[in-house]
Structures are given as structure tokens and as C-alpha cells.
Amino acid sequence: MTFRLYDTATREVRDFVPLEEGKVGLYVCGLTVQSEPHVGHVRSGVNFDVLQRWLRHLGYDVTFIRNVTDIDDKILTKSADQGLAWYELAYRMKRELDRAYDALNVAPPTYEPAATGHVPEMIELIQLLIDGGHAYAAADGSGDVYFDVRSWPQYGELTHQRIDDMEAAEDADPRGKRDPRDFALWKGRKDSEPETASWPSPWGRGRPGWHIECSAMAGKYLGSAFDIHGGGVDLRFPHHENEQAQSRAAGQRFASYWMHNAWITTAGEKMSKSLGNSLTIPAVLQKYRGIELRYYLLAAHYRSHVEFSFDALDEAAAGFRRIESFLDRAGDVAAGELPEAFVAAMNDDLGTPAAIAVVYDTVRQGNAALGNRDDATPYAAQVRAMLGVLGLDPADPVWAGAADDQRLTDAVDALVAGLLEQRAQARAAKDFATADAIRDRIKAAGVEVEDTPDGPKWSLA
RNA sequence: GGUGGGUUGGCCGAGAGGCGAGGCAACGGACUGCAAAUCCGUGUACACGGGUUCAAAUCCCGUACCCACCUCCA
């Protein structure tokens, strides 16, 4: 059974064939670190994390590069508004993003290059494009350098558009462009911009355009041809189209497959546009555990649009707790083999919803075994294996809370044990009124008691 | 104007010609002193109108509504 994935460029699900057997080069456009990460941002991180994990499971040696854009117009304006140095804001948000990824068990990529660390590589690439007749320095003395869209007949091939059909940006400032669709490879420094946000170049001081960084970094770390390039749908055009045009015009083959994850909206709006604060990762994590949010994100296919709501997140969390409680009841079991149906689902363009359905089927069988006092170990082993691949294994130490959690648990356990002892005595004497009163009292404190064949168990409500 | 996507049961969310994914909720049953948990069972869902087919939520044509990209955006 081969791994198949949807390729945006060909618009079809096709067999994944790596350039080099056993190896995968993966490049994903990371974030522009200009504001606190929200649920939408993190979806991309989670989706490509699952891709990475699945490829590794399949035995591939994966080189995963995910960049960080740490210089751009927004960072410049926002930092100025907030009275911060641009690099200070970018660095703060970068750390915030790392925390969000950690909280959601998004494993780090092989390397995470930052745009500002690769200016020489970008200059080199731009020079190559100029020499090849695909780019030119603006004639207006602005210091800008543009990619010449008309010089690249295949321009538009990734998103299947023709240059003449495209609307020129309304705010398109001609600034010496030969065609309104030409885009900046290098932006000459403006007097309003801080000196620190510019680098020397053959065209004067300035800073890189957005698209060129990915071409330069992908080329540097993955070579002139690599397997998969990913990002959010919004990046298809212009970003990815431009990246591909630049890289190919510079003589590279670039990506074999293009993957794009869909949006998360709230109230029908893109998160980047809407209100915001309540949907930042730190805010959501005050009410939900990271593992629950990750599960919610994976319960929908990565190419499906998700309308975010806390009600839906509640439901997802309730479902996930059932999986956890099965694992809990089944006891300490090592991860085993993956069920075939699960593998088939994942191989089919990362079908996490179908894969999760297999998890539930297995949980149900396991619970039934437990109910019959049969051996549930094989089921629990499969469930743990599946959750492991999805990065959702509750037993994984990454989900462990603060260090004093265990001490707190022990303290509550001792306290509750005394009350349960009294309740047991009341029940033995068939004094159910007293027994229930004790249970109610415990519940009022936020602790629920369940009677199981192995005696009463408590958990946080 | 160009390009791409969507509309599935009370809710979330898969599927993509032929036994009703899965979850949440609800209801009934088993278990329980009662609960909880768990298991078993219960649903004539596929925006609308045509068409193709032995068979359509799935294909074709048309209509409506929604969204994204074409400017920074995961």
C-alpha cells in the first residue's frame, strides 16, 4: 500500500514517489512572527507535524525545513506602533509560537531557518535571476528589484492562472515596474524604516521581498529539487506561485508535490481578520488542554474548512476523554501494531478523520473486552500505537503537567480515600442516604466518584 | 473579471455510483442499592430543479446561497 497525497499543482490525489528512495525533503512555510499565534496558525503546524510523523512511520528519512519570516512590512509597522524594536517584537512572537507548538505537541522540524539569517543567499539568488534576464532593478532609483513575470512563460502554472486574467492589485504602486504583476525580490530601504532593518546589497541598502526567502532557504537546505512543499491555502497565490517561478527561473526543479491546508474560520471569518484575542493559543489553553485542541484539529481533514466553535471543541474534548478513559482502565500497555484500516486511512492523503474512526472502533472493542473481563491488552496496544502516530498519546511525557501535579494528586487521593472509606461503611450497612451524601459532598468539591468492579475511583469532574 | 472550494441527520464531521464512517447529544435496554462509566439497540442525512444509470449524497446540466485567493495573511 502506497502513500498517496493530494497535489495542489495537479489537483489530484496521487502516489507519493520520493526523488530519492527512502528520503523525503519537506519544506513548509512557517509564520510571519508579528502577532500572537491563534488557532488557525497552529492548524498548519499540527497538520504538517502529522505528515512528518507519518512519513517517519513509513520509514522515510525526513528532512523537514520550516521557515520563520522575521522581517516584513507588518513587523515593521506593528513594532513601531508598540514602541518596540522590530527584532524585539519578532523574537517575542517567535517564542510565543514555540510555546504554542510545544503545548500542542508539534515536534520541531529538522531546522527552522529565519529570513534575516539568509540575506546573502537571497542576494545571490536575485543576482542569478538578474543575470538570467528574469529580474531587474527598478528604473526609478528606489533600490527595488523586481521579478519579471513576463520573462517566465510558465508563470501561473501552479495555480492555473493566466497573467492577463489576473487583477492587478489596486494599491499596486508602479514604482518602476514593467508589469503590475511583477513582484519585489528586494525592497530598497525607505527613510521611514529603521537602519537595522536593512542590509547592504548590490542595489543599495534594503531588505528582502517576502517570496525570495523561501526559495533561497529551500534551495539551501533541501537542494534544487525536493519532494513536498506545504503551507496554508492562502499562500498558493501569490506566494507559492512566485516562489516556484523564481526558483525555476533560477534553474531549479523545486518541489514535486504541493500541499495546502484549509482555513479555520470563526463566525465565517478568517481568524486573521476577526476579533482575535479569545482565539489565541494561550487563551484557548486556559480552558482546554493542548491534547484536546490537537485532537479537535485532527478530527477534520486537513483540506477541509473548519468553522471553529467552542461548542464543537467541547464535543471533541468529550469524545477524546472516552479514548483516554479506556486507556486508563486498560492499564499500562505498550504501543503495539497499527490496525490495517488505520494505515489505509492515513495513506489516503492523511485521512485523519477515518483514522480516528478506527481508534473509536478499537476503543469500543476494548471496552467490551473489559466489560467481559477479557483481555483488553491487544486493543489498548493498538490504540496507543494509533494515538502515538497522531501525536495524541496521553501517556506521552510531553503532555505531563507541572512538576507538582503528582504531589497534588497524592494529597487529594489521601483526602478522598478517607471519605470513601466512610462511604463504603455506609453502603455496607445499606445506609444509602449517608453514602450518597458523602458522594455529593465530594462532588461539590469537583471530584467525581465512580464505582467500578475494582472499587470506587475518583476523577476531576 | 480570473482561479479554487463548499452546502451531509439536533450538532460536529467523513465518504465520493450499489451493505447508513466515526464522534457529541437524545431515547430504550443490560449492568448498578442509586448513579457514573461501559456495552447493546434506536435515525428513512446528503442545498434546490432537471437528467444519465438497473442503481446517485456521489456522475452530467442548470439554479440558489456561502467562502477563499488574485494586496499582507496558516
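Letters go in sequence order (proteins before strands), and every chain restarts at 1.
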Peer 1: Should B/U32 form a Watson-Crick or G-U wobble pair with both distances under 3.5 Å, which nucleotide is its partner?
Peer 2: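 Across any shown strand, B/U32 pairs with none.
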Peer 1: Across all strands shown, which nucleotide pairs with B/U3 by Watson-Crick or G-U wobble geometry, both distances under 3.5 Å?
Peer 2: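 Pairing partner, where one exists within any strand: B/A68.
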Peer 1: Would you indicate which nucleotide in B/G33, B/A74, B/C72 comes nearest to any side-chain atom of A/Arg439?
Peer 2: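 Of the candidates, B/G33 comes closest.
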Peer 1: Determine the interatomic distance between P on B/C46 and the same-named atom on B/C61; round to the nearest Å.
Peer 2: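 Looking at atom P only, B/C46 and B/C61 are 22 Å apart.
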Peer 1: When the distance from CH2 of A/Trp458 to P of B/A37 is rounded to whole Å, what number comes out?
Peer 2: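 For the pair A/Trp458 CH2 and B/A37 P, the rounded distance is 18 Å.
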Peer 1: Using a heavy-atom cut-off of 4.0 Å across all strands, would you classify A/Arg236 as base, sugar-phosphate, or nothing?
Peer 2: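 Touches sugar-phosphate only.
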Peer 1: What interatomic distance, in whole Å, is found between C1' of B/G18 and the corresponding atom of B/C27?
Peer 2: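 Going atom to atom, C1' in each nucleotide, I get 31 Å.
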Peer 1: Would you say the ring centers of A/Phe254 and A/Phe226 fall short of 6.0 Å from each other?
Peer 2: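 Centroid separation for A/Phe254 and A/Phe226: below 6.0 Å.
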Peer 1: So what does A/His301 touch, heavy atoms closer than 4.0 Å: a base, only the sugar-phosphate, or nothing?
Peer 2: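 Sugar-phosphate: the residue A/His301, judged by heavy atoms under 4.0 Å, touches backbone atoms but no base.
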Peer 1: Taking the minimum atom-to-atom distance to the side chain of A/Tyr360, which one of B/G13, B/G22, B/A74 wins?
Peer 2: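 Nearest to the side chain of A/Tyr360 among the choices is B/G22.
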Peer 1: What I want to check is whether an N or O donor and acceptor connect the side chain of A/Arg322 with the base of B/C24 at under 3.5 Å.
Peer 2: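 Answer is no: no donor-acceptor pair is held.
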Peer 1: Would you measure the distance from the P atom in B/G43 across to the matching atom in B/G22 and give it in whole Å?
Peer 2: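 14 Å, rounded to whole Å.
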Peer 1: What's A/Arg423 touching, base or sugar-phosphate or nothing? Going by heavy atoms closer than 4.0 Å.
Peer 2: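 The residue A/Arg423 makes base contact.
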Peer 1: Closest-nucleotide mapping onto RNA chain B: is A/Ala299 or A/Ala318 further toward the 5' terminus? I mean the 5' end.
Peer 2: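 On the 5' side of the pair lies A/Ala299.
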Peer 1: Can you tell me how far P in B/G49 sits from the matching atom in B/G17, rounded to whole Å?
Peer 2: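 About 23 Å, rounded to a whole number of Å.
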Peer 1: Identify the nucleotide, in any strand shown, that forms a Watson-Crick or G-U wobble pair with B/U63, with both distances under 3.5 Å; if there is none, say none.
Peer 2: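 Pairing partner: B/A47.
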Peer 1: Would you classify A/Thr32 as touching base, sugar-phosphate or nothing, given that sugar-phosphate means primed atoms plus P, OP1 and OP2, and contacts are heavy atoms under 4.0 Å?
Peer 2: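 Sugar-phosphate, no base atom in range.
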Peer 1: Distance between the C1' atoms of B/C39 and B/G5, in whole angstroms?
Peer 2: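 Pairwise C1' distance, B/C39 against B/G5, rounds to 41 Å.
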Peer 1: From the options B/G4, B/A35, B/A74, select the nucleotide whose nearest atom is closest to the side chain of A/Arg11.
Peer 2: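 Minimum distance to the A/Arg11 side chain belongs to B/G4.
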Peer 1: Say you pick atom C1' in B/U71 and the same atom in B/U63; how far apart are they, in whole Å?
Peer 2: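 The same atom, C1', in both gives a distance of 33 Å.
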Peer 1: Tell me what A/Gly371 touches on the nucleic acid: a base, only sugar-phosphate, or nothing, going by heavy atoms under 4.0 Å.
Peer 2: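 The residue A/Gly371 makes no contact with any strand.
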Peer 1: Taking the six-membered ring of A/Tyr155 as reference, does the NZ or CZ atom of A/Arg181 fall below 6.0 Å from its centre and within a 45° cone about the axis?
Peer 2: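 Because its charged atom misses either the 6.0 Å distance or the 45° angle limit, A/Arg181 does not stack over A/Tyr155.
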Peer 1: Answer with base, sugar-phosphate or nothing: what part of the nucleic acid does A/Gln161 contact at a heavy-atom distance below 4.0 Å?
Peer 2: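 Since a base atom lies under 4.0 Å of A/Gln161, the category is base.
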Peer 1: Find out whether A/Leu84 and A/Arg92 are in side-chain contact, i.e. whether some heavy atom of one side chain is under 4.5 Å from a heavy atom of the other.
Peer 2: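 A/Leu84 reaches A/Arg92 side chain to side chain.
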Peer 1: Take atom C1' in B/U52 and the same atom in B/C59, then report the distance between them in whole Å.
Peer 2: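 Each nucleotide's C1' atom is 8 Å from the other's.
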Peer 1: Should A/Phe432 be counted as stacked on B/G33, where stacking needs a ring-centre gap under 5.5 Å and an angle between planes under 30 degrees?
Peer 2: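 It does: the two rings, one from A/Phe432 and one from B/G33, meet the stacking criterion.
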Peer 1: Please work out if A/Val359 contacts a base, only the sugar-phosphate, or nothing of the nucleic acid, heavy-atom cut-off 4.0 Å.
Peer 2: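 Here A/Val359 touches no strand at all.
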Peer 1: OP1 or OP2 of B/U32 versus the side-chain N and O atoms of A/Arg427: is any pair under 4.0 Å?
Peer 2: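 Indeed not, no polar side-chain atom of A/Arg427 lies that close.
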Peer 1: B/A36, B/C70, B/A74: which one has an atom nearest the side-chain heavy atoms of A/Glu450?
Peer 2: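 Per side-chain heavy atoms of A/Glu450, the pick is B/A36.
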Peer 1: Contact class for A/Thr452 (heavy atom, under 4.0 Å): base, sugar-phosphate, or nothing?
Peer 2: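 No contact.
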Peer 1: What I want to check is whether an N or O donor and acceptor connect the side chain of A/Asp314 with the base of B/C12 at under 3.5 Å.
Peer 2: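 For A/Asp314, whose side chain was compared with the base of B/C12, there is no donor-acceptor pair (under 3.5 Å).
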Peer 1: Checking contacts here: which listed nucleotide (B/A21, B/C12, B/C70) is nearest the side-chain heavy atoms of A/Pro353?
Peer 2: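 Minimum distance to the A/Pro353 side chain belongs to B/A21.
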Peer 1: Between B/C70, B/A74, B/C40, which nucleotide has the shortest distance from any of its atoms to the side chain of A/His41?
Peer 2: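 Minimum distance to the A/His41 side chain belongs to B/A74.
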Peer 1: Taking B/C54 as the reference, what is the distance to B/A21 when you measure between their P atoms (whole Å, please)?
Peer 2: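 The answer is 26 Å between these two P atoms.
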Peer 1: Any donor-acceptor pair, under 3.5 Å, between the side chain of A/Asp436 and the base of B/G33, if you only look at N and O atoms?
Peer 2: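 Flag set: donor-acceptor pair detected.
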Peer 1: Among the nucleotides B/A68, B/G13, B/U38, which one has an atom lying closest to any side-chain atom of A/Ser325?
Peer 2: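 My answer, after comparing the listed nucleotides, is B/U38.
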Peer 1: Could you tell me whether A/Gly30 contacts a base, only the sugar-phosphate backbone, or nothing, with contacts defined as non-hydrogen atoms closer than 4.0 Å?
Peer 2: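 The answer is sugar-phosphate, as A/Gly30 gets under 4.0 Å only of primed atoms, P, OP1 or OP2.
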Peer 1: Could you identify the nucleotide paired to B/C27, looking across every strand shown and requiring Watson-Crick or G-U wobble geometry with both distances under 3.5 Å?
Peer 2: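 Across all strands, the one nucleotide that pairs with B/C27 is B/G41.
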Peer 1: Within 45° of the six-membered ring axis of A/Tyr101 and under 6.0 Å from that ring's centre, is NZ or CZ of A/Arg66 located there?
Peer 2: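 Yes, a cation-pi geometry.
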Peer 1: Can you find a donor-acceptor N/O pair under 3.5 angstrom joining the side chain of A/Arg303 to the base of B/G5?
Peer 2: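 Side chain to base: no pair below 3.5 Å.
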Peer 1: Taking the six-membered ring for Trp, are the ring centroids of A/Trp258 and A/His229 within less than 6.0 Å of each other?
Peer 2: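 Centroid distance A/Trp258-A/His229: below 6.0 Å, so yes.
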Peer 1: Taking N and O atoms by type only, does the side chain of A/Arg329 place a donor or acceptor under 3.5 Å from a partner on the base of B/A37?
Peer 2: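 Donor-acceptor pair under 3.5 Å: no.
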Peer 1: Assuming nearest nucleotide by heavy-atom distance, tell me which of A/Arg162 and A/Ala435 is located more 5' along RNA chain B.
Peer 2: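 Taking each residue's closest nucleotide, the earlier one in sequence belongs to A/Arg162.
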Peer 1: Decide yes or no for A/Glu193 and A/Trp86: does some side-chain heavy atom of the first lie under 4.5 Å from some side-chain heavy atom of the second?
Peer 2: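 No, their side chains stay 4.5 Å or more apart.
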Peer 1: What nucleotide among B/C72, B/C12, B/G2 has an atom nearest to a side-chain atom of A/Lys74?
Peer 2: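 Per side-chain heavy atoms of A/Lys74, the pick is B/C72.
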Peer 1: At 4.0 Å (heavy atoms only), tell me whether A/Leu235 reaches a base, stays on the sugar-phosphate, or touches nothing.
Peer 2: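 Sugar-phosphate contact only.
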Peer 1: Is there side-chain contact between A/Leu76 and A/Arg207, with heavy atoms separated by less than 4.5 Å?
Peer 2: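 Of all side-chain heavy-atom pairs linking A/Arg207 with A/Leu76, at least one is under 4.5 Å.
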Peer 1: Salt bridge check, A/Lys74 against A/Asp72: does any charged N sit closer than 4.0 Å to a carboxylate O?
Peer 2: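 Salt bridge absent between A/Asp72 and A/Lys74.
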